[in-house]
Amino acid sequence: MRRTVFNEDHEAFRETLRAFIEAEVVPEYDEWLAAGQAPRDFYYKLADLGVFGIRVDEEYGGAGIDSYKFEAILYEETARAGITFGGSGVHVLLGLPYVKLLATDEQKKRYLPKFVSGEEMWAIAMTEPGTGSDLAGMKTTAKLSEDGTHYVLNGSKTFITGGVHADQMIVCARTDAPSAEDRRHGISLLVVDTKSEGYSIGRKLDKLGLKTSDTAELAFVDVKVPVENLLGEENKGFYYLGHNLASERWGIAYGAYAQAKAAVRFAKQYVQERTVFGKPVAHFQNTKFELAACQAEVDAAEAVADRATEALDAGELTPAEAASAKLFCTEVAHRVIDRCLQLHGGYGFMNEYPIARLYADNRVNRIYGGTSEIMKSIIAKDMGL
């Protein structure tokens, strides 16, 4: 079936990006994996390519294109090559929407030019050791100073992707106690300079997959945050988090679909080259049936991902629709990648093969951005159940 979601400009970007990946990433990728993160200077290369400024207004150095379709191509091409771009995804997909939605004109002038150039990398710190999906239970606090010039930030965060390289961190913290009627009340979003006194990076976490993205623990001890760094209104942070979850979950859904599509490509190539009992593995009926079934699932996931992309660009993607897309695409990717690894036999368990890395990278998709169980709850509630 012919896709209609991309036009000639998108395909030209795809060609440029594919050439960039082959020249700048593939030759160095094993070193990234060994180091456990992409090198900091790589993000300047992405900035020079224009990746960080696609959805940023021209007055701040961006392209001013209000569309997520170029980011969709990023997901497809990185998965196709069996690589990731480190923690850069959180910079654009998670950091940028908060600045665009909440920042004042003064804040945008201060933040966005360095965001686009890669001079300042962004991340967001939500999860705490004891909260997980229950963001209303966070205990990190930001208390206003007596003279009203700054907040004093104390607490800790964990599982923070981009936490090592980040220059600016959006920290979710309690500026007021929860009310009896609404425990979500009292959370605010603060932009924290990671060079601030009292801000420290703890362990760089050793993950099952996504080895090139820097994920860390953070600690704040009496960190002074200027009141000018408050994003949006005080105590409205939980609402803002919910508002941007739709785009975050779209990204996870689309990335999972792209991984499933790549897995079929890797498996098809492998079974055509690998011989067993004197014949290519692709010759056997079971191989054909398995790959055919996987392709059918990928086709369905592609339709869901494309529909969600169009809805997101139109500003019409609802929380329930985003949850549905994430649930479906991540579950499809889980099944497809597992079956494609099986077709590789023992070699599928070797990290030198991209299917093995893909298997590990994919697993978190059903956890972060809200677990599959949370997605089902959101969908059920939207159904009136």
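In this text, all values refer to a predicted model and were calculated from it rather than measured experimentally.
Although no hydrogens or angles enter the test, the distance criterion places no donor-acceptor pair under 3.5 Å between the side chain of Thr275 and the main chain of Gly278. With hydrogens and angles disregarded, no donor-acceptor distance shorter than 3.5 Å links the side chain of His283 to the backbone of Pro280. Listed for the Asp57 side chain is no donor-acceptor partner under 3.5 Å among the backbone atoms of Tyr60. In this structure, the side chain of Thr309 engages the main chain of Ala305 through a donor-acceptor pair within 3.5 Å. For Arg174 (side chain) and Asp176 (main-chain N/O), a donor-acceptor pair under 3.5 Å exists by modelled atom type. A donor-acceptor contact shorter than 3.5 Å links the side chain of His165 to the backbone of Ala38. No donor-acceptor pair closer than 3.5 Å links the side chain of Glu76 to the backbone N or O of Gln259. No donor-acceptor distance shorter than 3.5 angstrom exists from the side chain of Arg18 to the backbone of Glu77, with no hydrogens or angles considered. Panel note: side chain Ser377, backbone Glu373; a donor-acceptor pair is recorded below 3.5 Å.
Here the side chains of Thr194 and Ile201 are not in contact, with every heavy-atom distance at 4.5 Å or above. In this structure, the side chains of Arg80 and Arg265 come closer than 4.5 Å at one or more pairs of heavy atoms. Side-chain contact between Leu112 and Leu96: present, with at least one pair of heavy atoms (C-beta onward) separated by less than 4.5 Å. In this structure the side chain of Leu46 reaches within 4.5 angstrom of the side chain of Phe20, judged on heavy atoms. Residues Tyr68 and Arg55 have side chains in contact (heavy-atom distance under 4.5 Å, counting atoms from C-beta outward). Between Thr215 and Lys204 there is no side-chain heavy-atom pair separated by less than 4.5 Å.
Of all non-hydrogen atoms in Gly348 and Leu341, the two that sit nearest each other are O-CD1, 3.3 Å. Closest heavy-atom contact between Cys172 and Leu189: SG-CD2, 3.6 Å. When all heavy atoms of Ile54 and Ala63 are compared, the closest pair comes out as O-CB, 3.8 Å. For the pair Met375 and Lys326, the tightest heavy-atom approach, listed with the atom from each and the gap, is SD-CD, 3.7 Å. Residues Val281 and Thr287 share a closest heavy-atom pair of O-OG1, 2.8 Å. Taking all atoms of both residues into account, the shortest heavy-atom contact from Lys100 to Lys108 is O-NZ, 3.6 Å.
Applying side-chain contact (heavy atoms from CB on, under 4.5 Å) to Met169 and the options Tyr199, Phe220, Trp122 leaves one that passes, Tyr199. Partner Phe85 forms a ring-ring contact (aromatic ring centres under 6.0 Å, His included) with one of Phe42, Tyr75, Trp32 and no other, that one being Phe42. Screening Tyr43, Tyr98, Phe115 against His91 for a ring-ring contact (aromatic ring centres under 6.0 Å, His included) leaves a single residue, Phe115.
Side-chain contact check for Thr175 and Asn235: at least one donor-acceptor pair (N or O, by modelled atom type) lies under 3.5 Å. No donor-acceptor contact under 3.5 angstrom links the side chains of Arg357 and Asn362, judged on distance only. Side-chain N/O atoms of Ser372 and Glu331 include a donor and acceptor closer than 3.5 Å. Judged purely by distance below 3.5 Å, without hydrogens or angles, the side chains of Tyr111 and Gln168 never pair a donor atom with an acceptor atom. Side-chain contact, Asp182 with His185: no donor N or O sits under 3.5 Å from an acceptor N or O. At a cut-off of 3.5 Å, with distance as the only test, a side-chain donor of Thr84 or Thr212 sits close to an acceptor on the other residue.
Residue Ser88 holds its OG atom at 10.0 Å from CG of Asp214, rounded to the nearest 0.5 Å.
Taking the ring centre of Phe6 as origin, the terminal cationic atom of Arg14 falls inside the region bounded by 6.0 Å and 45° from the ring axis.
Both Leu312 and Val92 are assigned to one and the same hydrophobic cluster, defined by single-linkage of ILVMFWY side chains at heavy-atom distances under 4.5 Å. Met383 and Ile378 fall within a single hydrophobic cluster, where Ile, Leu, Val, Met, Phe, Trp and Tyr side chains are chained together by heavy-atom contacts under 4.5 Å.
Pairs of residues two or more places apart, or lying in two chains, that qualify as salt bridge (Lys or Arg N to Asp or Glu O under 4.0 Å) and include a residue from residues 305-325 are Arg3-Asp306, Lys69-Glu310. Every pair passing salt bridge (Lys or Arg N to Asp or Glu O under 4.0 Å) that includes a residue from residues 280-296 is listed here, sequence neighbours excluded: Glu290-Arg339. Listed by first and then second residue, the salt bridge (Lys or Arg N to Asp or Glu O under 4.0 Å) pairs involving residues 234-243 are Glu233-Lys236 (not counting sequence neighbours).
The number of heavy atoms from other shown groups lying within 6.0 Å of CD (Gln342) does not exceed 12. Counting non-hydrogen atoms of neighbouring residues, nucleotides and ligands closer than 6.0 angstrom, the CG atom of Asp66 reaches no more than 12 such neighbours. The number of heavy-atom neighbours closer than 6.0 Å to NZ of Lys279, taken from other residues, nucleotides and ligands shown, is 12 or below. With a 6.0 Å radius and a threshold of 12 heavy atoms from other residues, nucleotides or ligands, Phe266 has its CZ atom above the threshold. For Lys109, the NZ atom is loosely surrounded, since the number of other residues' heavy atoms within 6.0 Å does not exceed 12. At most 12 heavy atoms of other shown residues, nucleotides or ligands fall within 6.0 angstrom of atom NE2 in His243. With a 6.0 Å radius and a threshold of 12 heavy atoms from other residues, nucleotides or ligands, Lys207 has its NZ atom above the threshold. Atom CD of Glu106 has more than 12 heavy atoms from other residues, nucleotides or ligands within 6.0 Å.
By the 4.0 Å N-to-carboxylate-O rule, Glu217 lies too far from Lys157 to be salt-bridged with it.
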Gln295/Asp299 under side-chain hydrogen bond (donor to acceptor under 3.5 Å, both in side chains): CA gap, chis, key distance, verdict: CA-CA 6 Å; Gln295 184 62 53; Asp299 287 344; 3.0 Å; yes

Before you tell me yes or no, could you show the steps for Glu128 and Thr140 under side-chain hydrogen bond (donor to acceptor under 3.5 Å, both in side chains), namely the whole-Å CA-CA distance, both residues' side-chain angles and the distance that decides it to 0.1 Å? CA-CA 8 Å; Glu128 296 182 4; Thr140 296; 2.7 Å; yes

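Proximity of the aromatic rings of Phe349 and His344 is defined here by a centroid distance below 6.0 angstrom, and this criterion is not met.
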